Number of protein chains: 2
Amino acid sequence: MGRWEPDARGRLAKAALELYDRHGYEQTTVAEIAEAAGVTERTFFRHYADKREVLFDGSQLLQARMLAAVHDAPAATAPLEVLAGALDAAADVLQERRSFAARRQRVIASHPELRSRELMKLALLSDAIAAGLRERGVPGPAAGLVAETGIGVFKVAFERWLDDPSEPQLGEVMRATLDDLRAVTGTVR
Amino acid sequence: MGRWEPDARGRLAKAALELYDRHGYEQTTVAEIAEAAGVTERTFFRHYADKREVLFDGSQLLQARMLAAVHDAPAATAPLEVLAGALDAAADVLQERRSFAARRQRVIASHPELRSRELMKLALLSDAIAAGLRERGVPGPAAGLVAETGIGVFKVAFERWLDDPSEPQLGEVMRATLDDLRAVTGTVR
């Protein structure tokens with residue numbers, strides 16, 4: 001992480017994703033990723049535990065932003081509106097990374113081990129959001145339900161966003177998906 | 001699976017769960033499971049691919065029953081009611097297995113590899129329910145959303161059921177959780 005390796009971390013992530021997408025996740029070695037990023041294997045392992053972790057570098061930031069939104073919502077905010085704020089925060093993180101996200105999604109879908117890891121990250125995110133809601137005074141069972149629902153909305157909206165060639169704003173797709181949920185559960189607005 | 005091994009499969013599952021719960025999943029060997037069930041290791045491997053799969057023997061039945069409910073619901077049924085029927089079907093499968101389910105849940109929560117596997121099974125179940133809803137004519141995006149929501153309700157209700165010492169009917173807990181979802185999304189009833 002010295003001055004002779006400006007943004008080695010970012011270059012490694014980009015190189016890895018490109019190699020995984022082009023040649024397959026299994027087929028790509030750490031040596032190849034390091035070479036493509038112009039660093040040594042040792043540098044790779046200073047930044048990432050293994051070649052899987054390169055794909056999950058953004059999870060921590062996403063979770064931190066969503067939890068901050070849950071924490072910072074005004075006291076009287078209804079749980080579903082707190083959730084909507086957390087989804088907005090997620091959209092802000094992801095909006096500028098659409099092509100990266102699309103490529104990453106393709107790689108993850110191609111390999112059960114990666115899909116498994118992604119599901120685990122989302123389950124932990126759901127647990128963390130539920131804990132954040134409980135801290136706000138939302139009763140435990142409702143907190144768990146809102147958090148699980150939120151992850152469901154997130155997954156569906158995220159896929160809609162990537163699939164839509166008109167490249168809409170992710171925040172709008174999130175809000176529209178939340179409205180669809182209200183419609184499907186029979187809400188009057 | 002000869003006549004000299006009546007219900008070897010069931011006895012292996014019971015023995016495995018008991019050993020995992022008592023001594024830990026990592027610590028238990030296939031040899032120990034086979035011995036506790038009174039069969040050979042070879043018999044174990046005739047029934048299960050590995051010691052993890054023993055814990056997921058019920059997933060297929062659960063999925064089959066839920067999908068049958070989705071398929072068999074009358075044509076005019078609203079998507080959320082189709083989902084409610086699938087949750088009823090799941091409850092029917094699980095109701096008589098509460099103590100087995102509680103023990104299994106404890107074992108799965110204790111080990112990331114098992115939790116991961118459980119999450120993957122639920123994700124595949126969600127995909128299958130979404131496909132079943134699409135076959136009924138529910139538009140793709142709504143089908144995915146209802147399926148994801150359904151899995152969320154299932155997970156929350158299942159935990160509520162196991163945590164409630166009054167041992168309520170799982171079907172009632174599922175319906176109550178679905179009502180909570182309606183309440184939280186702001187429905188009038």
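Because the structure is a prediction, the values reported are computed rather than measured.
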_What part of A:Ser116 gets within 4.5 angstrom of chain B, counting heavy atoms only: side chain, backbone, both, or neither?_
both
*Using the ring of each side chain (for Trp, its six-membered ring), is A:Tyr48 parallel, tilted or perpendicular to A:Phe44, with breaks at 30° and 60°?*
tilted
*salt bridge (charged side-chain N to carboxylate O under 4.0 Å, His left out) between A:Glu118 and A:Arg104: does it pass, once the steps are laid out?*
CA-CA 11 Å; A:Glu118 177 85 335; A:Arg104 177 180 178 278; 2.8 Å; yes
*Could you tell me which of B:Ala147, B:Pro141, B:Ala157 has the largest number of non-hydrogen atom pairs under 4.5 Å with chain A?*
B:Pro141
*Where does the angle between the aromatic ring planes of A:Phe158 and A:Trp161 fall among parallel (under 30°), tilted (30 to 60°) and perpendicular (over 60°)?*
tilted
*Heavy-atom proximity to chain A below 4.5 Å, by part of B:Thr177*: both
*Which residue out of B:Leu80, B:Leu122, B:Thr149 racks up the most heavy-atom pairs below 4.5 Å with chain A?*
B:Leu80
*Side-chain ion pair, A:Arg160 and A:Asp163, N-O less than 4.0 Å*: no
